[in-house]
Participant: 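Here's a structure for you.
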Amino acid sequence: MSHRSIDSARLLVRIAELGEIGRDAEGRLVRLAASDTEKLGRDRFVAWLEDAGLDIAVDRIGNIFGIWNAAGVGEKPIMIGSHIDTVINAGIYDGCYGVLSGLEVIQTLKSQGFEPSRPIVVAAFTNEEGVRYAPDMMGSLVYSGGLDITTALKTMGTDGTVLGDELARIGYAGPHAPGFMTPHAYVELHIEQGPVLEREGVSVGAVENLQGISWQKVTIDGDANHAGTTPISMRRDAGYAAARVITFLRDRAKASNTPTVATVGCIAFEPNAINVIPSRATFTVDLRDPDEDRLKEEETALAAFLDLLSSDEKVSISVERLARFEPVKFDQAIVRRIEAAARDRGLACKRMTSGAGHDAQMIARMAPSAMIFVPSRGGISHNPKEFTADTDLVAGANILLDVICGLATGKRPE
Ligand code: HGY
Ligand code: MN
Ligand code: MN
């Protein structure tokens, strides 16, 4: 059976080129949401959309859309999306692979004279990573009505900036109301960012659900005091208390025999001096579980431990919620299309749960959505060592092509 195929060279060249945009003095890839480096990435993506002859729209939260109004203008479009913002010292595939593959699919179909029954759109959502402005997946959350746009634009970043000001400063505070196009269907292609596909030698993941996410910021206040003269029994040591939380979370997750994961990714001490007992420790807690009840149990257990700790260590503890998303189930019909497309191409395919958060979990609030995964070498991501083989990148993009063809004609892929 002959299959359509994307222009693999064009896709791979663009992934590599975008992966070089936004590197800092140490060569690290850092394109935090609404930053100057992210603007460079946005500008490059918009230039590619223009080259492809697409209509371009930007909404008030800075989401960028390339629209192929081939038919059924104004009808619900088929949307392909992901993100081009990154974490700190990122790999080059997370998010960018899905956005550039969406553009590639549209350009391929246009060049092959394909006549879709409805518009096809590629989207780059703002602030998927949530590193500078919490919560993560913010642009797609606002787009799908999960967060009020005015509230989102007022979000204060970890650097004291305000998201709305930064979007205006980089020229991406667009005119369109978030949600101005309701997708007929949404498909996101993404690297797995985990070890499963590679370990099982499977080329394609048909992602049928995504785990719940809980982000909190914890502040522990004790007393600064002299590191040499203060007896252990007299200390109100915020640093030591924070360390007890970190080990509590790891020990609990490890002992749980469930998929529960817990991460303390950011931590800061005050006054942060070698010979001063920390008066304050501020850190983040990222809890995840595919089961909502278990995720709630983890949050309750943490709260109880913090209560115990505050009396044990004579410190005061406050908690701020940064993000909370329940587990999401994706659209079974689209998942079946992904499996059929892999089968038709003779590729092994496995149904999966996503451990990472993605824009698809937000767009699933407004349209049938699902995801396609391709293997990550060593399961590594959010790390410059992030890697997916070209053959897997191309295979995933061709699966996306087939799924979009099927959705755009209502029929199975050719
Ligand atoms: O946090 C996540 O899972 C995603 O990378 N934003
Ligand atoms: Mn991502
Ligand atoms: Mn990510």
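In this text, all values refer to a predicted model and were calculated from it rather than measured experimentally. Each ligand, and each atom within it, is numbered from 1 in the order the structure gives.
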Participant: Tell me the salt bridge (Lys or Arg N to Asp or Glu O under 4.0 Å) pairs involving residues 374-394, sequence neighbours left out?
Facilitator: none
Participant: Under 3.5 Å, is there a donor-acceptor pair linking the side chains of Asp94 and His190?
Facilitator: yes
Participant: Testing the 3.5 Å rule here: is there a donor-acceptor pair between the side chains of Ser111 and Gln107?
Facilitator: no
Participant: Given a threshold of 2.8 Å, state how many protein N/O/S atoms are nearer than that to the Mn ion (ligand 2).
Facilitator: 3
Participant: Any side-chain donor paired with an acceptor under 3.5 Å for Ser376 and Glu192?
Facilitator: no
Participant: Under a 3.5 Å threshold, yes or no: a donor from one side chain and an acceptor from the other, between Tyr143 and Thr126?
Facilitator: no
Participant: Using a strict cut-off of under 4.0 Å between a residue heavy atom and any atom of ligand 1, list the qualifying protein residues by chain and number.
Facilitator: Glu128, Glu129, Asp136, Met137, Trp215, Arg288, Ala356, Gly357, His382
Participant: Taking the cut-offs as 6.0 angstrom to the six-membered ring centre and 45 degrees off its axis, would you call Arg42 and Tyr172 a cation-pi pair?
Facilitator: yes
Participant: Just by distance, with hydrogens left out, do Thr263 and Arg250 show a side-chain donor and acceptor under 3.5 Å apart?
Facilitator: no
Participant: Would you please name every residue forming a side chain to side chain donor-acceptor pair (under 3.5 Å) with Ser101, sequence neighbours left out?
Facilitator: none
Participant: For the pair Phe125 and Phe65, name the ring-plane relationship: parallel under 30°, tilted 30 to 60°, perpendicular over 60°.
Facilitator: perpendicular
